[in-house]
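Below: one structure, written as structure tokens.
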Amino acid sequence: MGRYVIRRLLQMIPVFIGSTFLIFFMVYALGDPVAAMFGDRAPDPATAARIREELLLDQPLWKQYLHYMGQIFRGDFGTAFNGQPVTELMGTAFPVTLRLTLVAVVIEIVVGITSGVLSGLRRGRALDTGVLVFTLVVVSVPTFVSGYVLQFLLGVKGGWVKPTVSTDAYLDELLLPGVVLALVSLAYVTRLTRTSIAENIRADYVRTAVAKGLPRRRVVTRHLLRNSLIPVVTFIGTDVGSLMGGAIVTERIFNIHGVGFQLYQGILRQNSPTVVGFVTVLVLVFLFANLVVDLLYAVLDPRIRYA
Amino acid sequence: MRGATRAKWAAGTMAVALAATACGGGSGGGGGEEGVLSSSWGDPQNPLEPANTNEVQGGKVLDMIFRGLKRYDPRTGEAEDMLARKIETKDQQNYTVTIKKGWKFSNGEPVTAQSFVDAWNYGAHIENGQKNAYFFGYIEGYEKVHPESGKATAKTLSGLKVKDDRTFTVKLDQKFSTWPQTLGYPAFAPLPRAFFTDHDGWLKKPVGNGPYRVESYDKGSAMKLRKWSTYKGPDKARNKGVDLRVYTDNNTAYTDLQAGNLDLTDDIPAAQLKNAEADLGDRYINQPAGIIQTLTFPMYDGRWGSAKRAKVRRGLSMAIDRKTITQQIFQKTRTPATDWTSPVLKAEGGYQAGLCGQACAYDPAQARKLIKEGGGLPGGKVTVTYNADTGSHKDWVDALCNSVNKVLRDDKACVGNPVGTFADYRNQISAKKMRGPFRAGWQMDYPLIQNFLQPMYYTGASSNDGKYSNKEFDGLIDEANAETDRQAAVKKFQDAEKVLVKDMPVIPLWYQNGSGGYTDRLSDVRLNQFSVPVYEQIKVGS
């Protein structure tokens with residue numbers, strides 16, 4: 001097990017280098033960011049040259065990349081163009097997004113798995129059809145629609161919640177954005193669980209468990225659900241990463257100053273250090289989430305063992 | 001029934017989960033403290049240094065925490081003395097500036113002549129990479145501290161001399177009669193010693209000499225400004241403070257305003273303009289700002305720039321139905337332009353309605369005729385380039401093309417050409433890659449007609465994106481700058497403007513208004529000529 005973890009961690013190094021390399025080149029290939037700093041007027045050439053020199057933009061790309069990697073290994077992600085170190089931006093943005101992701105994932109797990117199990121157990125019945133319709137609706141409504149509509153109805157018209165999230169981004173404020181963010185994945189979790197349960201319900205071990213006279217709750221939670229969760233866990237694991245990166249729309253609607261907001265600003269202003277830095281960290285989050293998923297398999301199904 | 005218990009169990013879990021996530025809550029945002037208003041804000045693009053701030057969001061803060069030699073009256077736009085006691089000159093080139101007694105920075109340090117000279121030297125020096133360095137370009141010795149290329153050969157501007165605590169002299173490199181009127185621009189603000197001795201600390205919490213002081217600055221999310229009680233100036237704050245909150249999106253700010261969660265927004269999203277009046281009533285502000293939107297031709301491209309094509313350029317201008325576009329797309333937050341300046345200058349300042357004459361009036365028949373006489377559109381069509389990431393440029397570019405196409409009776413004569421990001425768009429412009437007209441917007445730095453003409457149309461000027469060049473125009477601008485009498489100077493500038501009517505290197509489209517809205521907690525809210533709220537005059541009541 002320990003060995004397996006170490007091997008997986010070592011594998012992350014080339015993935016990390018490769019992905020930063022690609023991101024770096026893609027972002028920097030977009031061109032010279034200096035022009036945009038001056039707004040609608042042309043930069044004075046001397047000042048622009050000076051800024052380029054400071055940001056090493058006058059160097060060939062490979063030199064910039066080496067310099068950047070050197071910085072990263074010293075824990076320095078460079079400076080955003082507003083003079084703030086990128087690590088500082090990360091320090092404020094990641095906790096917020098992490099909280100938002102957490103709320104979304106909890107909602108996903110609780111609502112998604114519950115409704116999935118319920119409809120899986122009642123395949124073909126009214127409840128199952130109801131859940132199917134619900135998930136179809138949820139999947140087909142884009143995030144920005146559900147976001148604005150819920151914000152308007154609950155926040156502006158109803159006045160039950162604050163329509164936007166304050167800088168501190170407390171958990172209760174994140175509830176509504178969390179729901180919005182969770183909605184799409186929630187439908188997938190439901191469908192996955194439902195299918196998996198429906199498949200396994202006829203498996204021999206379930207029949208055995210029932211024949212043994214185990215209480216129904218125990219059959220469902222210990223035997224049926226545990227074995228059915230593997231695809232769901234895989235999905236949720238990868239989803240943590242994509243939720244964090246994909247919160248751009250939700251964060252904009254609810255004024256959350258998280259990763260999505262920083263990335264959006266970074267792209268808009270061609271703020272390369274911000275974009276590369278944030279995406280790099282997102283890649284790491286993704287990799288770790290996948291490692292955790294793989295390790296969870298062994299917990300769910302003891303037949304899966306890592307040497 | 002089993003199903004029922006199970007559903008209850010699920011509902012129970014949900015409730016627990018929701019309760020669990022709800023912990024740690026508390027008060028947040030909202031109306032805020034008594035007498036303090038909250039206002040929408042965008043993340044400033046650059047560090048908040050006076051000479052490094054060239055956009056509205058950073059400028060907003062500078063206007064609250066700094067006062068310079070002059071200040072533009074938020075109603076009339078007139079440059080009035082603030083810290084300056086007098087600015088004297090005999091030859092329009094050598095100026096003696098005397099500052100008033102008793103002014104202090106909010107950290108207690110007195111404002112002296114040295115505070116100005118140090119700040120200006122800092123702003124001009126190339127090594128500090130200040131984006132507004134060119135504002136000091138008229139002061140003698142600028143090319144030594146800010147050479148076109150290579151290292152600076154001097155540390156300070158030779159044209160600046162401190163005489164005593166309250167007097168300094170400025171020598172310009174040319175006659176410039178309206179120079180004192182430019183001094184209201186934030187780049188000319190004085191700076192305290194702390195700016196130089198503890199620069200990082202200062203950037204974290206800027207210290208100025210204005211009616212507000214920064215209480216806390218949480219970069220990227222909020223700035224709390226509080227009234228500075230011992231402020232010396234005549235424009236003391238009438239509220240206890242302002243909380244600027246960074247919004248990810250102006251739609252979100254508007255939503256917050258509607259929900260009463262925000263007091264003031266100075267940027268109503270285009271999509272909401274239609275409802276704003278109904279939603280806000282007389283708390284909707286829509287008033288002229290010193291911004292003009294134009295369509296610039298790449299004069300460096302022979303297909304567009306040649307003298308013969310002037311007729312085509314004029315023809316295109318006449319093919320644009322400005323009135324319909326401003327009404328339908330902009331909901332009257334734009335006014336069709338009939339000159340190259342802005343109504344905020346007023347007639348005394350050089351704004352002249354109708355100066356452009358027939359060339360800016362919608363006239364399909366004449367437009368067709370002129371374009372035909374000029375040899376037709378190069379390659380039979382025109383592409384209008386714009387950046388698609390900000391503003392709602394796509395809407396009006398499509399409408400503009402639609403208007404041109406209708407006039408020319410050709411569906412493919414005019415098409416929009418979106419560029420993904422503003423950065424890329426600016427890159428293409430600086431690299432002279434434009435192959436057809438492109439959108440441009442000019443927000444004035446100071447309410448002077450000079451600022452609407454020289455930076456954009458003078459040969460080699462900083463924002464002359466189309467690389468327009470005309471000796472007659474340049475000559476008239478020089479003459480206007482040397483003129484001692486203000487009215488005579490304005491007249492000369494207008495003569496120069498008339499050259500543009502003939503050449504049409506840039507089609508004036510419309511003047512832009514500032515728009516905003518506020519809740520009924522506030523009164524006396526208005527925008528200044530830069531479409532920034534005049535914060536110190538706002539009263540918070542209820």
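In what follows, chains carry the letters A, B, and so on, assigned in the order in which the sequence lines appear, proteins first and then strands, with residues in each chain numbered from 1. Computation of the quantities below employed the complete heavy-atom set of this structure, encompassing side-chain atoms and omitting hydrogens, waters and symmetry-equivalent molecules.
Summarising the geometry of Asp256(B) relative to Thr164(A), their closest heavy-atom pair is OD2-OG1, 2.5 Å, with the distance given to 0.1 Å. Residues Gln258(B) and Val156(A) share a closest heavy-atom pair of CB-CG1, 4.0 Å. Residues Lys219(B) and Gln84(A) come closest through the heavy atom pair CB-NE2, 3.1 Å.
Both the backbone and the side chain of Gln45(B) have a heavy atom closer than 4.5 Å to some heavy atom of chain A. Contacts of Ile256(A) with chain B are made by backbone atoms alone, with heavy-atom separations under 4.5 Å and no side-chain atom involved. With a 4.5 angstrom heavy-atom cutoff, Asn52(B) does not touch chain A via any of its atoms. Looking at Asn250(B), neither its backbone nor its side chain comes within 4.5 Å of chain A, counting heavy atoms on both sides. Only the side chain of Tyr148(A) comes within contact range of chain B, with heavy atoms under 4.5 Å apart. Of the two parts of Asn54(B), only the side chain, counted from C-beta on, holds a non-hydrogen atom closer than 4.5 Å to a non-hydrogen atom of chain A. Interface residue Ser430(B): only side-chain heavy atoms are found under 4.5 Å from chain A. Only the side chain of Ile51(A) comes within less than 4.5 Å of a heavy atom of chain B; its backbone N, CA, C and O stay farther away. Looking at Gln130(B), the atoms closer than 4.5 Å to chain A (heavy atoms on both sides) all sit in the backbone: N, CA, C or O. The part of Gln265(A) that comes within reach of chain B is its side chain, from C-beta onward, which places non-hydrogen atoms under 4.5 angstrom from that chain. For a residue to count as touching a neighbouring chain, one of its non-hydrogen atoms must lie under 4.5 Å from one of that chain's; by this rule Asn46(B) touches chain A with backbone and side chain alike. Contact of Pro455(B) with chain A is not made at all, since no heavy-atom distance falls under 4.5 Å.
Side-chain atoms of Asn251(B) and Arg252(A), non-hydrogen and from C-beta on, never get closer than 4.5 Å to each other. Under the 4.5 Å side-chain criterion, counting only non-hydrogen atoms from C-beta, Val246(B) is in contact with Phe261(A). Between Pro163(A) and Asn261(B), some side-chain heavy-atom pair lies under the 4.5 Å cut-off.
Counting non-hydrogen atoms of other residues, nucleotides and ligands closer than 6.0 Å to CZ of Phe144(A) gives a total of 12 or fewer.
Of the listed residues (Lys204(B), Glu55(B), Glu148(B)), the one with the most heavy-atom contacts under 4.5 Å to chain A is Glu148(B). Considering only heavy-atom pairs separated by less than 4.5 Å from chain A, the leading option among Ala423(B), Ala440(B), Ala259(B) is Ala423(B). Of all the listed residues (Asp43(B), Asp218(B), Asn464(B)), the one sharing the greatest number of non-hydrogen pairs under 4.5 Å with chain A is Asp43(B).
For His257(A) (side chain) and Gly220(B) (main-chain N/O), a donor-acceptor pair under 3.5 Å exists by modelled atom type.
Taken to the nearest 0.5 Å, the OG1 atom of Thr255(B) stands 9.5 Å off from the CD1 atom of Ile253(A). Here the OG1 atom belonging to Thr47(A) is positioned 5.5 Å from the CD1 atom belonging to Ile126(B), to the nearest 0.5 angstrom.
With 3.5 Å as the limit, one finds a donor-acceptor pair spanning the side chains of Asn255(A) and Thr248(B).
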